[in-house]
*Asks:* 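The structure that follows is given in the form of structure tokens.
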Amino acid sequence: MPHMTARSQSIGQYFDRLAPRLDAWRRRNRYYHEDQTSYFRYLVGRGQRVLELGCGGGDLLNAVEPSHGVGIDISTALIETARQKYPHLHFSVGNAEDLDSIPTQQFDYILLSDLVGYLDDIQKCLDGLHRFCGPDTRIIVSSYNFLWQPVLRAAETLHRKTPTPEQSWLSLNDLRNLLYLSDFQVVKTERRLLFPKYVPLVSWLINHLGMLPGINSACVSQYVVARAGARSTPQSLSVSIVIPCRNERDNIKAAIELMPPFGRRQEIIFVDGHSSDGTPEEIQRVIALYPDRDIKLLLQDGIGKADAVRKGFEAASGDILMIL
């Protein structure tokens with residue numbers, strides 16, 4: 001068994017307890033699961049080599065009809081269920097954030113269905129996928145729209161939705177950024193299901209309205225399709241380091257002296273928030289003292305650290321943004 005954090009073990013144990021009732025919950029929310037399965041089948045197609053992380057009982061992996069299917073899940077009970085239901089597929093207990101135990105092989109598609117919210121380190125999981133990617137491999141990530149968090153929590157309380165552990169709620173932009181940082185190129189995004197329960201005619205009408213711009217942003221399901229890009233290294237990326245400051249005159253020079261060299265290029269942006277102790281003058285002195293460093297001074301128009309950070313980020317030119 002791969003190394004698991006306390007939270008990962010807790011989530012695995014939670015789904016172990018839920019496993020005997022999971023099929024009943026899926027039937028109760030059949031309309032949502034059928035729509036999700038239908039869309040994955042459309043994206044993947046039949047006869048592909050497919051790896052699914054967080055495969056649960058194996059229903060989605062079986063539904064896409066792979067020529068070679070591998071499912072990984074943290075729950076021992078769910079993996080045992082999947083093996084019994086779909087003996088022609090390959091299932092293993094494992095942690096999506098620690099894939100070293102899986103033999104290196106290439107897949108056409110890698111699926112992460114409603115998984116990322118349970119991960120402690122999403123980027124570590126995404127970084128680990130490159131070992132299974134070829135030039136044409138597609139990563140498909142699905143998750144709930146964070147706007148639906150209160151609705152879905154209420155549905156769980158009323159026993160209308162599968163009960164799940166606490167998870168992180170991510171927007172499409174969050175998913176795009178995480179994939180970008182892990183050297184994946186997003187090729188498609190989609191939102192589906194404005195009304196995830198079946199009511200004759202009503203569901204059809206509302207979900208067709210959910211395809212319209214604007215209204216579409218309120219749909220419950222969101223999907224990102226990405227492909228592997230060229231792997232970058234930390235030394236190939238430039239960095240902008242934003243330093244909000246107010247009355248920090250004595251710390252300016254030390255901030256520069258103690259900053260280690262990293263990245264292809266460093267840009268250091270001080271944003272002064274109306275200091276009264278001569279901080280801007282000290283920053284100008286330090287800029288002159290270190291002409292080989294790319295140091296800039298911005299004077300804050302508004303107030304507060306958040307305003308200073310936004311001003312610094314707007315002026316930043318690096319690949320990666322940091323706050324000191």
Side-chain angles (χ1 to χ4, degrees), residues 4-41 52-63 71-86 91 93 96 111-120 141-171 175 191-210 215-223:
M4 296 186 186
T5 65
R7 180 171 179 266
S8 298
Q9 291 176 349
S10 176
I11 290 173
Q13 291 165 1
Y14 185 96
F15 282 106
D16 283 345
R17 295 191 297 271
L18 186 65
R21 307 189 304 278
L22 194 59
D23 282 346
W25 279 110
R26 287 180 63 89
R27 287 192 295 271
R28 183 174 294 186
N29 295 284
R30 184 174 67 253
Y31 187 69
Y32 165 79
H33 290 291
E34 286 180 351
D35 184 83
Q36 184 186 62
T37 299
S38 174
Y39 192 56
F40 269 101
R41 284 170 60 92
E52 184 183 6
L53 304 183
C55 65
D59 298 313
L60 178 60
L61 183 61
N62 179 68
I72 307 296
D73 199 277
I74 205 168
S75 166
T76 303
L78 286 176
I79 287 297
E80 190 57 39
T81 298
R83 287 170 175 165
Q84 292 175 9
K85 292 169 69 175
Y86 309 114
F91 296 98
V93 177
L111 313 183
L112 289 77
S113 171
D114 298 341
L115 169 70
V116 292
Y118 298 119
L119 301 177
D120 289 323
V141 181
S142 71
S143 66
Y144 292 125
N145 186 340
F146 72 97
L147 296 175
W148 277 73
Q149 180 179 12
V151 177
L152 297 178
R153 282 300 176 209
E156 289 184 18
T157 301
L158 296 171
H159 303 290
R160 305 302 300 172
K161 175 190 172 294
T162 310
T164 55
E166 288 292 333
Q167 61 177 298
S168 303
W169 293 78
L170 303 166
S171 69
L175 293 173
R191 291 189 178 96
R192 295 174 61 87
L193 273 190
L194 187 61
F195 191 74
K197 283 291 186 179
Y198 178 70
V199 177
L201 294 180
V202 174
S203 300
W204 179 88
L205 176 61
I206 294 177
N207 286 318
H208 273 71
L209 289 174
I215 298 176
N216 181 258
S217 62
C219 288
V220 63
S221 300
Q222 53 190 20
Y223 299 85

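Just so you know, residue 1 is the first one in the sequence shown, and it goes up from there. For clarity, every value in this text was computed on a predicted model and none was experimentally measured.
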*Asks:* Are the side chain of Asp16 and the backbone N or O of Thr76 linked by a donor-acceptor pair below 3.5 Å?
*Replies:*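 Side chain of Asp16 to backbone of Thr76, a donor-acceptor pair under 3.5 Å: yes, one is there.
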*Asks:* Can you tell me how far CG of Leu193 sits from OH of Tyr144, rounded to the nearest 0.5 angstrom?
*Replies:*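 Reported value, rounded in 0.5 Å steps: 10.5 Å.
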*Asks:* Find out whether Phe195 and Leu209 are in side-chain contact, i.e. whether some heavy atom of one side chain is under 4.5 Å from a heavy atom of the other.
*Replies:*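 The answer is no, as the side chains (C-beta and beyond) never meet within the 4.5 Å cut-off.
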*Asks:* Is it true that a side-chain atom of Asn145 and a backbone atom of Ser217 form a donor plus acceptor pair closer than 3.5 Å?
*Replies:*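 Here the side-chain-to-backbone pair exists.
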*Asks:* Do the side chains of Gln149 and Gln167 get nearer than 4.5 Å, heavy atoms only?
*Replies:*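 A side-chain contact is absent here, since even the closest heavy-atom pair is not under 4.5 Å.
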*Asks:* Under 4.5 Å between any side-chain heavy atoms of Tyr32 and Arg192, yes or no?
*Replies:*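 Side chain of Tyr32 against side chain of Arg192, heavy atoms only: no contact under 4.5 Å found.
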*Asks:* At what distance, to the nearest 0.5 angstrom, does SG of Cys219 lie from CG of Asp35?
*Replies:*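 The distance works out to 9.5 Å.
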*Asks:* What distance do Glu34 atom CD and Tyr31 atom OH have between them, rounded to the nearest 0.5 Å?
*Replies:*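 The OH atom of Tyr31 is 9.5 Å from CD of Glu34, to the nearest 0.5 Å.
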*Asks:* Between the main-chain N or O of Ser203 and the side-chain N or O of Asn207, is there a donor-acceptor pair closer than 3.5 Å?
*Replies:*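 Yes: the side chain of Asn207 pairs with the backbone of Ser203.
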*Asks:* Under 3.5 Å, side chain of Thr81 to main-chain N/O of Ala77, donor-acceptor pair present?
*Replies:*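 Side chain of Thr81 to backbone of Ala77, a donor-acceptor pair under 3.5 Å: yes, one is there.
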*Asks:* Please find the pair of heavy atoms, one from Ala96 and one from Leu115, that lie closest to each other, and give the distance.
*Replies:*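 Looking at all heavy atoms of both residues, the closest pair is CB-CD2, 4.0 Å.
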*Asks:* If you take all heavy atoms of Asn29 and Thr162, which pair is closest and at what distance?
*Replies:*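 That closest heavy-atom pairing would be ND2-N, 3.8 Å.
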*Asks:* Taking it one step at a time, do Gln222 and Leu175 satisfy side-chain contact (heavy atoms from CB on, under 4.5 Å)?
*Replies:* CA-CA 10 Å; Gln222 53 190 20; Leu175 293 173; 4.1 Å; yes
*Asks:* Specify the closest pair of heavy atoms between Trp169 and Phe146, including all atoms of both residues, with the distance to one decimal.
*Replies:*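 Heavy atoms only, the tightest pair is CE3-CA, 3.5 Å.
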*Asks:* Checking side-chain polar atoms at under 3.5 Å, does Ser221 have a donor or acceptor matched by the opposite partner on Gln36?
*Replies:*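 No, no side-chain donor-acceptor pair sits under 3.5 Å.
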*Asks:* In sequence, state the C-alpha distance, the side-chain angles, and the governing distance for Lys85 and Asn62, and then conclude on side-chain contact (heavy atoms from CB on, under 4.5 Å).
*Replies:* CA-CA 9 Å; Lys85 292 169 69 175; Asn62 179 68; over 6 Å; no
*Asks:* Should Arg30 and Tyr198 be marked as a side-chain contact (heavy atoms from CB on, under 4.5 Å) after you check the CA-CA gap, both sets of side-chain angles, and the distance that decides it?
*Replies:* CA-CA 8 Å; Arg30 184 174 67 253; Tyr198 178 70; 5.8 Å; no
*Asks:* Does a side-chain heavy-atom distance below 4.5 Å link Trp148 with Pro196?
*Replies:*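 A side-chain contact under 4.5 Å exists here.
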*Asks:* Compare every heavy atom of Ile72 with every heavy atom of Ile79, then report the nearest pair and how far apart it is.
*Replies:*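 It is CD1-C, 4.3 Å.
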*Asks:* Just verifying a value: how many Å separate Ile11 CD1 and Ser75 OG, rounded to the nearest 0.5 Å?
*Replies:*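 The distance works out to 11.5 Å.
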*Asks:* Which residues satisfy the salt bridge (Lys or Arg N to Asp or Glu O under 4.0 Å) test with Arg41, sequence neighbours excluded?
*Replies:*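 In terms of salt bridge (Lys or Arg N to Asp or Glu O under 4.0 Å), with neighbours along the sequence ignored, Arg41 is linked to Glu65.
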*Asks:* How about Tyr118 and Phe15: do any of their side-chain heavy atoms sit closer than 4.5 Å?
*Replies:*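 Side chain of Tyr118 against side chain of Phe15, heavy atoms only: contact under 4.5 Å found.
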*Asks:* Under the criterion side-chain contact (heavy atoms from CB on, under 4.5 Å), I'd like the reasoning laid out for Phe91 against Leu78: C-alpha separation, chi angles, the key distance, then a yes or no.
*Replies:* CA-CA 10 Å; Phe91 296 98; Leu78 286 176; over 6 Å; no
*Asks:* Could you walk me through whether Glu156 and Thr164 pass the side-chain hydrogen bond (donor to acceptor under 3.5 Å, both in side chains) check?
*Replies:* CA-CA 8 Å; Glu156 289 184 18; Thr164 55; 2.9 Å; yes
*Asks:* For a quick test of reading the model, state the closest non-hydrogen atom pair linking Ser143 to Asp114 and the distance between them.
*Replies:*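 Shortest heavy-atom separation between Ser143 and Asp114 comes out as CA-OD1, 3.7 Å.
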*Asks:* Taking all non-hydrogen atoms of both residues into account, name the closest pair between Lys197 and Arg28 and its distance.
*Replies:*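 The pair with the smallest heavy-atom distance is NZ-O, 3.4 Å.
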*Asks:* Side chains of Tyr86 and Leu61, heavy atoms from C-beta outward: is any pair under 4.5 Å?
*Replies:*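 Tyr86 does not reach Leu61 side chain to side chain.
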*Asks:* Can a donor-acceptor pair be found, under 3.5 Å and without considering hydrogens, that links the side chain of Asn216 to the backbone of Gly210?
*Replies:*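 Here the side-chain-to-backbone pair exists.
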*Asks:* Do other residues, nucleotides or ligands put more than 12 heavy atoms under 6.0 Å from the CG atom of Leu158?
*Replies:*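 Result for CG/Leu158: enclosed.
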